[in-house]
Enquirer: 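Can you keep this structure in mind? I'll have questions shortly.
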Amino acid sequence: MLAFTKIARFQGLLQTRATLLLIRDYHKQPVKVVWKKPENGRIKLNFDGSRGREGQASIGGVFRNHKAEFLLGYSESIGEATSTMAEFAALKRGLELALENGLTDLWLEGDAKIIMDIISRRGRLRCEKTNKHVNYIKVVMPELNNCVLSHVYREGNRVADKLAKLGHQFQDPKVWRVQPPEIVLPIMHDDAKGKIVLRTK
């Protein structure tokens, strides 16, 4: 009788757990993600870092205006680096290009939340190389008019993601000033139309 009671309780626990898992999965509805255009007069920089095999990293980014028109893009390999270092290097390179080309009123957007956490909390990282990128970013951002930084899911950062991964192929840094590489044109077209991409949590 005792054994039966234990089995019944165990089965009850299993059913309860199965119900909880079912409810949890039911609430995991896809999130609608869309790339948002900057307001008139602002320029948006989407940036990203990519870490490939054997720790080799590359970076990429794209500048677009309020009409989602391409202004500038970049992509390059940065050698061995952590994912975090690659993200900060991508933002740093974007800011360098913004200064070189007189681009201000920037909206900076990336898909690595650690960027926002480190900059907003004014924390430091253990890696000195990464800290150099962070320090540069913290000095430059206040110098740019109305410069803001935000996080977006990867699905809203697809052009920068593609350019960052493309960087693994290059020995020398690439900068596009007239037209982006063809590989990102379909994504840019989708972004300009406000296409929604579903993200499953």
Side-chain angles (χ1 to χ4, degrees), residues 25-51 58-76 83-84 86-120 137 140-141 144-169 174-201:
D25 291 339
Y26 177 77
H27 285 289
K28 283 188 174 181
Q29 298 296 328
V31 176
K32 294 180 180 179
V33 183
V34 63
W35 180 83
K36 296 180 180 178
K37 299 176 185 178
E39 62 188 33
N40 195 351
R42 292 182 73 85
I43 294 170
K44 189 172 188 180
L45 164 63
N46 283 90
F47 62 91
D48 200 9
S50 172
R51 189 169 187 265
S58 57
I59 62 174
V62 58
F63 292 86
R64 285 173 281 187
N65 63 16
H66 67 284
K67 295 181 179 178
E69 295 170 336
F70 175 82
L71 300 176
L72 188 73
Y74 60 96
S75 182
E76 65 181 271
S83 297
T84 300
E87 296 289 348
F88 280 107
L91 176 53
K92 176 178 180 283
R93 181 60 178 141
L95 291 174
E96 289 173 346
L97 287 168
L99 291 175
E100 290 173 13
N101 292 274
L103 304 177
T104 59
D105 294 292
L106 291 180
W107 175 3
L108 314 172
E109 189 173 70
D111 57 38
K113 197 169 184 300
I114 191 171
I115 298 283
M116 271 53 69
D117 293 340
I118 293 296
I119 292 177
S120 63
I137 292 164
V140 172
M141 279 184 63
L144 298 169
N145 294 337
N146 304 314
C147 186
V148 296
L149 177 65
S150 66
H151 171 263
V152 68
Y153 289 125
R154 184 171 299 277
E155 289 79 2
N157 201 40
R158 294 185 300 151
V159 177
D161 176 65
K162 185 71 73 174
L163 289 174
K165 289 176 180 175
L166 195 62
H168 290 291
Q169 303 175 18
K174 297 284 185 181
V175 177
W176 294 271
R177 299 181 187 278
V178 178
Q179 188 168 338
E182 289 188 9
I183 194 170
V184 300
L185 289 176
I187 306 173
M188 292 188 66
H189 180 68
D190 287 345
D191 285 350
K193 290 172 58 179
K195 180 180 178 180
I196 295 173
V197 182
L198 295 180
R199 171 187 175 87
T200 304
K201 291 183 182 180

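One is the number of the first residue; the rest follow in order along the sequence. Keep in mind that this is a model prediction, so the values were computed, not measured.
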Enquirer: Rounded to the nearest 0.5 Å, how far apart are CD1 of I137 and CD1 of I115?
Expert: 6.0 Å
Enquirer: Take atom NZ of K37 as the centre, draw a 6.0 Å sphere, and report whether it contains more than 12 heavy atoms from other residues, nucleotides or ligands.
Expert: yes
Enquirer: What are the two closest heavy atoms between E109 and G156, and how far apart are they?
Expert: OE1-O, 4.3 Å
Enquirer: With a 4.5 Å cut-off on side-chain heavy atoms, are D48 and E87 touching?
Expert: yes
Enquirer: Let me see the working for V159 and W35 under side chain to side chain contact (heavy atoms under 4.5 Å, CB included), right down to the final yes or no.
Expert: CA-CA 10 Å; V159 177; W35 180 83; over 6 Å; no
Enquirer: Would you mind telling me which of E76, R51, H168, Q169 makes a side-chain hydrogen bond (donor to acceptor under 3.5 Å, both in side chains) with S58?
Expert: H168
Enquirer: Supply the atom-to-atom distance F63 CZ to N46 CG, rounded to the nearest 0.5 angstrom.
Expert: 10.0 Å
Enquirer: Check whether any side-chain N or O of D105 sits under 3.5 Å from a backbone N or O of I43 as a donor-acceptor pair, and report yes or no.
Expert: no
Enquirer: For A90 versus G60, what's the shortest heavy-atom pair and its separation?
Expert: CB-O, 4.2 Å
Enquirer: If you apply the rule side chain to side chain contact (heavy atoms under 4.5 Å, CB included), what do you find for K162 with V62, and how did you get there?
Expert: CA-CA 10 Å; K162 185 71 73 174; V62 58; over 6 Å; no
Enquirer: In the structure I gave you, are the side-chain heavy atoms of F47 and L95 within less than 4.5 Å of one another anywhere?
Expert: no
Enquirer: For the residue pair L144 and L103, what are the closest heavy atoms and their distance?
Expert: CD2-O, 4.0 Å
Enquirer: So which atom in D111 and which in Y153 form the shortest heavy-atom distance, rounded to 0.1 Å?
Expert: CB-C, 4.1 Å
Enquirer: Distance-only check: which donor-acceptor pairs under 3.5 Å involve side-chain atoms of residues 176-196, not counting sequence neighbours?
Expert:
{"from": "R177", "atom 1": "NH1", "to": "N101", "atom 2": "OD1", "distance (Å)": "2.7"}
{"from": "D191", "atom 1": "OD2", "to": "R64", "atom 2": "NH1", "distance (Å)": "3.0"}

Enquirer: Checking the side chain of S75 only, and the main-chain atoms of L163 only, is there a donor and an acceptor separated by less than 3.5 Å?
Expert: yes
Enquirer: Is K92 atom NZ crowded by more than 12 heavy atoms from other residues, nucleotides or ligands, each under 6.0 Å away?
Expert: yes
Enquirer: How far apart are the C-alpha atoms of V152 and K36, what are their side-chain angles, what is the distance that settles it, and do they pass the side chain to side chain contact (heavy atoms under 4.5 Å, CB included) test?
Expert: CA-CA 10 Å; V152 68; K36 296 180 180 178; over 6 Å; no
Enquirer: To check you understand the geometry: which heavy-atom pair defines the closest contact between L198 and E155, and what is its length?
Expert: O-CG, 4.3 Å
Enquirer: Roughly how far, to the nearest 0.5 Å, is the CG atom of L91 from the CG atom of L149?
Expert: 6.5 Å
Enquirer: If you look at every heavy atom in H151 and M116, which pair is closest and at what distance?
Expert: CB-CE, 3.4 Å
Enquirer: Could you measure the distance from the CG atom of L71 to the CG atom of N65? Nearest 0.5 Å is fine.
Expert: 5.0 Å
